[in-house]
Amino acid sequence: MEDLYSGYQPLLFSIAYRMLGSVSDAEDIVHDVYLQISEKTIEQVENKKAYLCKMVTNRCIDFFKSARYKREVYIGPWLPEPLILKDHDPISEVMNQEAISFAFLLLLEKLNPIERAVFVLRQVLRYDYKKISQIVDRSEPNCRKIFSRVNNQFPLKEETEGKPEPKNKEMIQAFVSALYQGNIQKLEELLGKEVTLYSDGGGNVYAALKPIISKDLVTRFILNIMKQNHHADEPAVVKMVNVNGECGLLVKGMDNILTVISFHVKNDQIADIYIVRNPEKLKHVSLESY
DNA sequence: GTTCAAGTGACCTCCGTTTA
DNA sequence: TAAACGGAGGTCACTTGAAC
């Protein structure tokens with residue numbers, strides 16, 4: 001059972017996280033699945049990997065149906081829980097191979113649970129339709145059609161192809177230094193014309209209740225935050241980290257993680273900024289590691 | 001050349017909403 | 001309340017491309 005857990009846990013977590021956009025819920029589901037299966041049961045199963053994927057996917061579908069209601073009453077923009085990836089972590093190795101960006105997870109959010117499962121299994125994990133049909137309990141042609149329709153409906157494919165370019169890292173470094181210097185001209189160069197800033201406080205902490213759109217408004221918003229931080233008794237520390245496979249920022253206070261920021265870069269400019277401030281979504285980020 | 005998996009257009013069915 | 005309508009989701013059949 002231990003080998004089974006260490007062998008498949010990263011893969012199962014990667015499926016659950018993409019389906020739900022929540023680190024803690026994904027961990028719970030994977031853990032529950034391992035608690036539910038007994039050694040006897042699993043030994044009788046021919047394809048253990050497909051069996052475990054099916055269990056996790058079905059759990060996610062059930063969970064998502066109930067979570068959907070919660071999100072409908074969510075205060076402000078909903079963002080996924082950030083996943084801070086480190087080198088040599090088994091989960092990082094699985095995640096870095098596949099799409100996991102905030103932009104991708106937010107697009108997935110628009111799909112129904114079955115569409116999500118089919119898309120993740122096919123586009124991200126490259127499963128064949130036979131396996132997918134067994135996992136989601138739909139016919140093979142139906143799975144092909146679901147995938148085809150999702151592809152036509154949403155521009156998800158580009159989000160799953162390629163890894164974050166090193167250029168992004170330089171861009172985020174330039175962004176941070178422009179912030180500290182208060183260099184408005186440089187900030188405006190880095191931001192796309194229609195840049196959108198999403199701020200998720202979940203009603204627990206201060207955050208913008210609506211997405212902020214346009215270069216001018218976003219620049220003013222972030223400079224204002226920097227000004228407040230500068231005048232604080234204990235200014236926060238900003239650190240560059242790997243957030244969901246892309247270069248991002250972690251803002252550390254005296255005794256807790258205050259904010260995690262992720263960026264979506266398009267055509268050499270920052271197209272979207274995702275700011276997670278909801279403490280509920282930062283609980284899993286360990287302060288000691290940073 | 002054959003086989004097979006994948007992708008997609010055309011068509012059908014079902015179900016929720018609208019309207020008389 | 002029942003018929004009409006539209007959209008979502010499913011099946012069938014065909015084309016395409018890769019592997020052998």
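Just so we're on the same page: letters track the sequence lines, and every chain starts at 1.
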Exercise. With sequence neighbours excluded, tell me which residues meet salt bridge (Lys or Arg N to Asp or Glu O under 4.0 Å) with A:Asp128.
Key: none
Self-check item: Close aromatic pair by centroid cut-off 6.0 Å: A:Phe263 and A:Tyr274
Solution: no
Quiz item: Residues in side chain to side chain contact (heavy atoms under 4.5 Å, CB included) with A:Arg144, at least two apart?
Solution: A:Tyr129, A:Glu140, A:Pro141
Practice problem: Could you tell me which residues satisfy salt bridge (Lys or Arg N to Asp or Glu O under 4.0 Å) with A:Glu194, sequence neighbours excluded, listed by chain and number? | Solution: none
Exercise. Using side chain to side chain contact (heavy atoms under 4.5 Å, CB included) as the criterion, list what pairs up with A:Ser148, not counting sequence neighbours.
Key: A:Asn152
Quiz item: Can you list, by residue number, the residues of residues 127-140 of chain A that have a non-hydrogen atom closer than 4.0 angstrom to DNA chain C?
Solution: A:Arg138, A:Ser139
Exercise. Could you state the atom-to-atom distance from CG of A:Asn142 to P of B:dT8 in whole Å?
Key: 15 Å
Quiz prompt | Atom-pair distance (CD on A:Gln123; P on B:dA5), nearest Å | solution = 20 Å
Quiz item: Once Watson-Crick and G-U wobble pairs under 3.5 Å are found, how is DNA chain C written in dot-bracket notation, 5' to 3', with | for any base paired to another strand?
Solution: ||||||||||||||||||||
Quiz item: Sequence neighbours excluded, which residues qualify as side chain to side chain contact (heavy atoms under 4.5 Å, CB included) partners of A:Arg149?
Solution: A:Lys145
Quiz prompt | Per-nucleotide protein contact string for nucleotides 12-20 of chain C (B base, S sugar-phosphate only, - none; heavy atom under 4.0 Å) | solution = ---------
Quiz item: Which salt bridge (Lys or Arg N to Asp or Glu O under 4.0 Å) pairs, counting each pair once, include a residue from residues 195-205 of chain A, with sequence neighbours left out?
Solution: A:Asp200-A:Lys281
Quiz item: Pairs in or reaching into residues 172-187 of chain A: which pass side-chain hydrogen bond (donor to acceptor under 3.5 Å, both in side chains), with residues at least two apart or in two chains?
Solution: none
Quiz item: Can you tell me if A:Thr259 and A:Arg277 form a side-chain donor-acceptor pair at under 3.5 Å?
Solution: yes
Would you tabulate the side-chain donor-acceptor contacts of residues 203-212 of chain A under 3.5 Å, counting partners in other chains and residues two or more places apart, or write 'none'?
residue: A:Asn204; atom: ND2; partner: A:Asn278; partner atom: OD1; Å: 2.7

Quiz item: Which residues pass the side chain to side chain contact (heavy atoms under 4.5 Å, CB included) test with A:Lys54, sequence neighbours left out?
Solution: A:Asn58, A:Ile135, A:Asp137
Practice problem: Could you state the atom-to-atom distance from CD1 of A:Ile146 to C1' of B:dA6 in whole Å? | Solution: 15 Å
Self-check item: Between C:dA8 (P) and A:Glu115 (CD): distance, integer Å
Solution: 10 Å
Self-check item: Gap between atoms CG and C1', on A:Asn112 and C:dA8 respectively (whole Å)
Solution: 10 Å
Quiz item: For A:Arg122 and B:dG7, what is the distance between atoms CZ and C1' respectively, to the nearest whole Å?
Solution: 10 Å
